[in-house]
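Below is one structure, written out as C-alpha cells, with a few remarks after it.
Positions are given from 1 along the sequence.
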Amino acid sequence: MASSTFPAQSSQGTLADQAYRAIADRLVTLRIRPGEPLNDERIAAELGFGRTPVREALKRLEHERLIVAYPRRGTFATEVQIADLRHISEVRLQLEPLAASLAAERATEDDRAGLERLLARLAKSPDGGEDLIRLDMTLHRAIYAATRNPYLQDTLIRYDNLATRIWCLFLDRLPGLAGHVHEHGPLLRAVIDRDAEKARALAASHVEGFEAAIRGVI
C-alpha cells in the first residue's frame with residue numbers, strides 16, 4: 001500500500017514515504033491542529049529528514065487534502081468543515097463495504113493469519129487514547145490490503161485518514177471509543193471466514209454508525 005500504518009518505519013519506502021507517514025500521523029491525530037501553519041525547515045529538523053523529502057511529502061499531503069498551500073502565505077493544515085463529514089461518508093459508504101466483501105473473497109492465507117493476530121490484539125486493546133486510534137487505522141488498512149486492489153486500497157486510506165481526523169477533532173465529546181473500534185471484531189471474523197455478504201453489511205453499518213456518532217455531537 002502507498003501509505004502504510006503509522007508511525008513510519010525507517011526500513012519502509014523512500015525518505016519521502018517515511019516523511020509522508022510521519023507528517024500524516026501528526027495531521028490525522030491532530031498533533032498538528034486544523035489551521036496550524038507548517039514550516040518545511042522546522043518539520044525536517046524535528047523528523048531528522050532533509051527538506052527535499054519533506055517537501056515531496058507535503059505535496060502529497062496537499063493532494064490528499066490534509067494540508068493546503070497559499071501563495072505568499074504559506075502551508076497550513078486544512079480546516080475541518082461540517083460538510084466534509086457528509087462528503088467523506090458518501091464515498092466511504094460505497095467503498096468500505098466493497099473493500100470488506102473483496103477482502104473476504106480474495107484474502108490470502110497470510111492475510112487471514114494477520115487478521116487473526118489483529119483480532120487477538122483487539123481483544124487486549126486499551127479503552128482509549130492514540131494507541132486505540134492507531135489500532136483502528138491498522139485494522140482498516142489490513143482489510144484494504146486484503147482486497148488485492150491497490151487503487152481501491154490507496155483511495156480508502158486517503159478517506160480513512162480524513163475520517164479519522166474528524167473523529168479525533170470530536171474525540172473528547174464522543175462516548176464509546178472502545179466500542180466503535182471493537183466493532184471491527186465481527187468484521188474481521190467475517191473476512192477471515194470468507195463471508196463476503198456479512199463483511200459487506202458490517203462495514204456499511206460501521207460507516208453509518210461513525211457518521212451518526214459524529215452528527216450526534218455537532
The salt bridge (charged side-chain N to carboxylate O under 4.0 Å, His left out) partners of Arg117 (sequence neighbours excluded) come to none
Check salt bridge (charged side-chain N to carboxylate O under 4.0 Å, His left out) between Glu62 and all other residues, then give those that pass, not counting sequence neighbours.
none
With hydrophobic residues grouped by side-chain heavy-atom distances under 4.5 Å, do Leu169 and Phe76 end up in a single group?
no
Leu119: side chain to side chain contact (heavy atoms under 4.5 Å, CB included) partners, not counting sequence neighbours
Glu116, Leu188, Arg189, Ile192
Check Ala203 against Leu187 and note the closest heavy-atom contact, atom names and distance.
N-CD1, 4.2 Å
Suppose we screen for salt bridge (charged side-chain N to carboxylate O under 4.0 Å, His left out). Which residues come up paired with Arg148, at least two apart in sequence or across chains?
Asp111
Side chain to side chain contact (heavy atoms under 4.5 Å, CB included) against Arg112, all qualifying residues, sequence neighbours excluded:
Ala107, Glu109, Arg194
Hphob cluster co-occupancy, Val68 + Val28, side-chain heavy atoms under 4.5 angstrom:
no
Close side-chain approach of Ile67 and Ile23, heavy atoms under 4.5 Å
no
Check this for me: does any side-chain nitrogen of one of Arg65 and Asp84 sit under 4.0 Å from a carboxylate oxygen of the other?
no
In terms of side-chain geometry, is the basic nitrogen of Asp17 or Arg60 positioned less than 4.0 Å from the acidic oxygen of its partner?
yes
Between Ala77 and Leu38, which heavy-atom pair has the shortest distance, and what is it?
N-CD1, 3.2 Å
To the nearest 0.5 Å, how far apart are OG1 in Thr138 and NE2 in His184?
10.0 Å
Is there a path of hydrophobic side-chain contacts, each under 4.5 Å between heavy atoms of I/L/V/M/F/W/Y residues, joining Ile166 to Leu93?
no
Extract all donor-acceptor atom pairs below 3.5 Å that involve side chains of residues 206-214 and protein atoms in other chains or at least two apart in sequence.
unit_1 : atom_1 : unit_2 : atom_2 : d
His206 : ND1    : Glu183 : OE1    : 2.7
His206 : NE2    : His180 : NE2    : 3.4
Glu211 : OE2    : Arg215 : NE     : 3.1
Glu211 : OE2    : Arg215 : NH2    : 3.3

Please determine whether side-chain contact (heavy atoms from CB on, under 4.5 Å) holds for the pair Arg141 and Asp160, giving the CA-CA distance in whole Å, both sets of side-chain angles, and the decisive distance to 0.1 Å.
CA-CA 9 Å; Arg141 282 152 176 70; Asp160 186 57; 2.8 Å; yes
Any non-hydrogen side-chain atom of Asp195 less than 4.5 Å from a side-chain atom of Glu105?
no
The test is side-chain contact (heavy atoms from CB on, under 4.5 Å); show your working for Leu122 and Leu118 and say whether it passes.
CA-CA 6 Å; Leu122 183 62; Leu118 284 174; over 6 Å; no
How long is the span from the CG atom in Leu132 to the CE atom in Met137, to the nearest 0.5 Å?
10.5 Å
If a pair satisfies side chain to side chain donor-acceptor pair (under 3.5 Å) and one of its residues is in residues 35-49, list it, with sequence neighbours excluded.
Asp40-Arg51, Asp40-Arg55, Arg42-Glu46
Would a hydrophobic clustering, with Ile, Leu, Val, Met, Phe, Trp and Tyr connected at side-chain separations under 4.5 Å, put Phe170 with Ile133?
yes
Any chance you could measure Ser89, atom OG, to Gln94, atom CD, to the nearest 0.5 Å?
11.5 Å
Is there a side-chain contact (heavy atoms from CB on, under 4.5 Å) between Arg92 and Leu162 once you walk through the steps?
CA-CA 11 Å; Arg92 294 182 71 227; Leu162 294 170; over 6 Å; no
Pairs touching residues 196-205 that satisfy salt bridge (Lys or Arg N to Asp or Glu O under 4.0 Å), sequence neighbours left out:
none
Shortest non-hydrogen contact from Ala104 to Ala196?
CB-CA, 3.6 Å
For residues His182 and Ser125, report the shortest heavy-atom separation together with the two atoms involved.
NE2-OG, 3.1 Å
For Thr52, what residues pass the side chain to side chain contact (heavy atoms under 4.5 Å, CB included) criterion, not counting sequence neighbours?
Glu56
Between Ile32 and Leu171, is there a shared hydrophobic cluster once you connect ILVMFWY residues whose side-chain heavy atoms come closer than 4.5 Å?
yes
Run Leu58 and Tyr20 through side-chain contact (heavy atoms from CB on, under 4.5 Å) and show every step you take.
CA-CA 7 Å; Leu58 292 178; Tyr20 163 83; over 6 Å; no
When rounded to the nearest 0.5 angstrom, what distance separates OG in Ser205 from CD in Glu96?
12.5 Å
Side chain to side chain donor-acceptor pair (under 3.5 Å): which pairs involve residues 68-81, sequence neighbours left out?
Thr78-Arg165
My understanding is that only residues two or more places apart in sequence, or in another chain, count here; which of them pass side chain to side chain contact (heavy atoms under 4.5 Å, CB included) with Ala99?
Tyr144, Thr147, Leu152, Leu156
Taking the side chain as C-beta and beyond, is there a heavy-atom pair between Arg158 and Thr155 under 4.5 Å?
no
Salt bridge (charged side-chain N to carboxylate O under 4.0 Å, His left out) partners for Arg86, two or more places apart:
Glu90
Does any donor atom in the side chain of Thr164 or His140 lie under 3.5 Å from an acceptor atom in the other side chain?
no
For Ala103 and Ile143, the nearest pair of non-hydrogen atoms, with its separation, is CB-O, 3.6 Å
Return yes if a side-chain donor-acceptor contact under 3.5 Å exists between Tyr159 and Glu64, otherwise no.
no
